[in-house]
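Numbering of residues begins at 1 and proceeds along the displayed sequence. For the numbers below, each heavy atom of this structure counts, side chains included, while hydrogens, waters and symmetry mates do not.
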Amino acid sequence: MNFSIRAIIRAFVAPDHFLSCSYSLWNSGLCEIRRRGAGRRESGAFLVGKESNGIRRICRFIYYDDLDPHSLDKGYVHFNGAAYGPLWQICQSSGLKVVGDIHTHPGAAIQSSSDRQNPMVAIKGHIALIVPNFAQKIVLPYELGIYEYEGAHRWKNHSGKNAAKSFYIGLWG
């Protein structure tokens, strides 16, 4: 019964969304990204969760620097490919999968050319979120850069007015 109530609420509030997260997880995840970036460098995480009926539900943030301790050293995210092994092990042992990634930018939540050319997971449909201003405050979907990988370094932009339709943040995520 709970599941159907959740589905009804989500369908009413965000009928076309493809990504969801609970308020509490979203707020704690952004606070941790902010702390790790210390207001002076990019930071980020893989978003892991479950997918059902085309909707990806974020269940956990796995921070880049927990997998690759030097990933934030340059001021921007530079992730060592060897660190994907532990990520896949976490996913396998938890029964979860990577449903997206998130990282901060110093200014606007606009995808850089480096972001476009170097997706964290280069699989069609992967979702990349960009948080403005080093996540110095909790942001809502319309303030994020939301990009969906289409392959061959092409991305679909779900940011701005489309963001609230694409990404639902609520009680149950």
Side-chain angles (χ1 to χ4, degrees), residues 7 10-11 13-22 25-26 29-30 33 37 42-65 67-68 71-72 74 76-92 94-135 139-170 173:
R10 275 194 227 130
V13 175
D16 301 323
H17 75 285
F18 51 78
L19 187 65
S20 71
C21 188
S22 71
L25 179 60
W26 180 249
L30 285 185
I33 286 172
E42 291 185 7
S43 62
F46 289 100
L47 305 171
V48 298
K50 297 181 178 189
E51 184 171 358
S52 177
N53 298 321
I55 299 172
R56 301 165 193 180
R57 184 171 56 91
I58 300 167
C59 298
R60 184 174 170 192
F61 284 57
I62 300 178
Y63 302 96
Y64 296 150
D65 54 324
L67 298 167
D68 173 5
S71 63
L72 309 180
K74 296 182 179 183
Y76 56 89
V77 175
H78 181 80
F79 194 74
N80 184 327
Y84 281 99
L87 173 64
W88 304 140
Q89 288 175 349
I90 291 168
C91 289
Q92 184 177 25
S94 66
L96 302 174
K97 64 185 256 180
V98 174
V99 297
D101 71 82
I102 184 170
H103 76 278
T104 63
H105 274 190
I110 298 170
Q111 196 176 41
S112 68
S113 61
S114 178
D115 294 335
R116 283 190 298 278
Q117 294 300 312
N118 302 290
M120 293 302 285
V121 178
I123 296 174
K124 185 177 180 179
H126 179 74
I127 303 299
L129 304 178
I130 300 174
V131 183
N133 303 313
F134 293 130
V139 296
L140 297 174
Y142 73 90
E143 299 171 282
L144 297 168
I146 303 176
Y147 301 92
E148 179 180 359
Y149 191 62
E150 296 183 320
H153 306 291
R154 293 186 323 270
W155 296 82
K156 182 174 182 180
N157 188 343
H158 296 279
S159 306
K161 66 180 181 176
N162 298 318
K165 294 177 185 176
S166 303
F167 185 19
Y168 169 76
I169 301 172

Provide the closest heavy-atom pair for [X] versus [Y] in the form atom of the first, atom of the second, distance.
{"X": "Ala135", "Y": "Leu30", "result": "CB-O, 4.2 Å"}
{"X": "Arg60", "Y": "Leu25", "result": "N-CD2, 3.7 Å"}
{"X": "Lys50", "Y": "Cys59", "result": "N-SG, 4.2 Å"}

Any chance you could measure [X], atom [atom1], to [Y], atom [atom2], to the nearest 0.5 Å?
{"X": "Ile110", "Y": "Asn157", "atom1": "CD1", "atom2": "CG", "answer": "9.5 Å"}
{"X": "Leu87", "Y": "Leu67", "atom1": "CG", "atom2": "CG", "answer": "5.5 Å"}
{"X": "Met120", "Y": "Ile102", "atom1": "CE", "atom2": "CD1", "answer": "12.5 Å"}
{"X": "Ser166", "Y": "Leu19", "atom1": "OG", "atom2": "CG", "answer": "9.0 Å"}
{"X": "Tyr76", "Y": "Ser71", "atom1": "OH", "atom2": "OG", "answer": "11.5 Å"}
{"X": "Ser20", "Y": "Ile169", "atom1": "OG", "atom2": "CD1", "answer": "9.5 Å"}

Exercise. Name all residues meeting the side chain to side chain donor-acceptor pair (under 3.5 Å) criterion together with Ser112; count only those two or more places apart in sequence or in a different chain, and write none if there are none.
Key: Asp115
Exercise. Just jot down the side chain to side chain donor-acceptor pair (under 3.5 Å) partners of Lys156, sequence neighbours excluded, or say none.
Key: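 For Lys156, no residue satisfies side chain to side chain donor-acceptor pair (under 3.5 Å) once neighbours in sequence are set aside.
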Donor-acceptor pair, side chain of [X] and main chain of [Y], under 3.5 angstrom:
{"X": "His105", "Y": "Ile130", "value": "no"}
{"X": "Trp26", "Y": "Gly170", "value": "no"}
{"X": "Tyr149", "Y": "His153", "value": "yes"}
{"X": "Ser159", "Y": "Ile146", "value": "yes"}
{"X": "Ser43", "Y": "Ile33", "value": "yes"}
{"X": "Arg116", "Y": "Trp155", "value": "no"}
{"X": "Asn80", "Y": "Asp68", "value": "no"}

Practice problem: Can you label the angle between the Tyr84 ring and the Phe79 ring as parallel, tilted or perpendicular, going by 30° and 60°? | Solution: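 Perpendicular: the ring planes of Tyr84 and Phe79 meet at over 60°.
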Quiz item: Do Val99 and Val48 pass the side chain to side chain contact (heavy atoms under 4.5 Å, CB included) test, and can you show the C-alpha distance, the side-chain angles, and the key distance before you say yes or no?
Solution: CA-CA 5 Å; Val99 297; Val48 298; 5.8 Å; no
Practice problem: With the side chain counted from C-beta on, respond yes when His17 and Ile55 share a heavy-atom pair under 4.5 Å apart, and no when they do not. | Solution: yes
Practice problem: Go through the steps for Tyr147 and His158 under the test side chain to side chain contact (heavy atoms under 4.5 Å, CB included), then give the verdict. | Solution: CA-CA 6 Å; Tyr147 301 92; His158 296 279; over 6 Å; no
Quiz prompt | Ring centers of Phe46, Phe61 separated by less than 6.0 Å | solution = no
Self-check item: Ring-ring centroid check Tyr64 His103, cutoff 6.0 Å
Solution: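 Aromatic pair excluded; centres sit 6.0 Å or further apart.
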Exercise. Quick one: which residue pairs count as a salt bridge (charged side-chain N to carboxylate O under 4.0 Å, His left out) with a foot in residues 139-148, not counting sequence neighbours?
Key: Lys137-Glu143
Quiz item: Among Asn162, Leu129, Ile127, which one satisfies side-chain contact (heavy atoms from CB on, under 4.5 Å) with Phe167?
Solution: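 One option only clears the test, and that one is Leu129.
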